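Inspection log for the structure reproduced underneath, given as structure tokens.
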Amino acid sequence: MTTKRQSCAFSPDGAQIAVGFGRALTVHHAVTGACRFLGGELDDSVSGVAFDPGGKWLYVSRFDGTLVAHHTDTFAPERSVVFRWSLGPIRALAACGDV
């Protein structure tokens, strides 16, 4: 059973919005709506999206326990980092800066 859940996050400067829905991820310019990145048919449903406080990384969590960090200057796969969580699904995601 695939979980249909929508997650969205604005970049810290408000210039980009990332949306995860089902097994797809998209990133758009917030003002123009132009698509910067579209990743469809991911291995499992997206459970959360969050930008780091500096806006350089977009973190995408999935229900299969995978966390992918995309570098926001290119979104190129070779600039992404994949982490595997073996203790079950990642159900939520948030990022915060130093206090």
Side-chain angles (χ1 to χ4, degrees):
M1 179 175 120
T2 303
T3 303
K4 294 288 184 184
R5 180 175 159 178
Q6 186 173 356
S7 300
C8 64
F10 279 93
S11 61
D13 63 2
Q16 302 178 77
I17 184 170
V19 178
F21 182 76
R23 295 172 61 170
L25 169 70
T26 183
V27 180
H28 294 268
H29 287 284
V31 175
T32 66
C35 184
R36 290 208 56 226
F37 175 76
L38 175 61
E41 283 306 309
L42 303 174
D43 293 340
D44 201 359
S45 294
V46 174
S47 60
V49 293
F51 284 92
D52 80 300
K56 298 289 184 192
W57 293 94
L58 172 64
Y59 300 101
V60 180
S61 60
R62 299 190 317 229
F63 282 103
D64 64 359
T66 302
L67 177 67
V68 181
H70 294 280
H71 202 279
T72 59
D73 65 347
T74 67
F75 289 100
E78 61 273 4
R79 297 286 308 265
S80 298
V81 181
V82 179
F83 301 94
R84 306 268 186 229
W85 175 255
S86 61
L87 298 176
I90 300 173
R91 299 196 182 274
L93 181 65
C96 65
D98 293 330
V99 212

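Keep in mind the model is a prediction, meaning the values are calculated, not measured.
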All heavy atoms of Gly14 vs all of Ala30, minimum pair found to be O-CB, 3.3 Å
Heavy-atom donor-acceptor pair, Thr72 side chain to Gly55 backbone, under 3.5 Å:
yes
Closest heavy-atom pair, Pro53 versus Pro12, reported as atoms and distance to 0.1 Å, is O-CG, 3.1 Å
Closest non-hydrogen contact found for Leu93 with Tyr59 is CD2-O, 3.4 Å
Apart from Ile17 itself, members of its ILVMFWY cluster (side-chain separation under 4.5 Å) are Phe10, Val19
Contacts of Ala95 meeting side chain to side chain contact (heavy atoms under 4.5 Å, CB included) (sequence neighbours excluded), chain-then-number -> Ala50
Using a 4.5 Å side-chain heavy-atom cut-off and chaining through intermediate ILVMFWY residues, the residues clustered with Val68 come out as Val82
Q | Path from Val60 to Phe83 over hydrophobic side-chain contacts below 4.5 Å | A | no
Please check if Leu67 and Leu87 belong to a single hydrophobic cluster, counting links between Ile, Leu, Val, Met, Phe, Trp and Tyr side chain heavy atoms closer than 4.5 Å.
yes
Applied to residues 48-60, the salt bridge (Lys or Arg N to Asp or Glu O under 4.0 Å) test, sequence neighbours excluded, yields none
Mind checking whether Val49 and Ile90 sit in one hydrophobic cluster, side chains of I, L, V, M, F, W, Y counted as touching below 4.5 Å?
no
| Is there a donor-acceptor pair under 3.5 Å between the side chain of Ser61 and the backbone N or O of Gly48? | yes
Applied to residues 22-58, the ring-ring contact (aromatic ring centres under 6.0 Å, His included) test, sequence neighbours excluded, yields Phe37-His70, Phe37-Phe75, Trp57-His71
Practice item. Give the intermediate values and the outcome of side-chain hydrogen bond (donor to acceptor under 3.5 Å, both in side chains) for residues Arg84 and Thr66. Key: CA-CA 5 Å; Arg84 306 268 186 229; Thr66 302; 3.1 Å; yes
Rounded to the nearest 0.5 angstrom, the CZ-CG distance for Arg62 and Leu42 is 6.0 Å
Residue set satisfying salt bridge (Lys or Arg N to Asp or Glu O under 4.0 Å) with Arg79, at least two apart, ordered chain then number -> Asp73
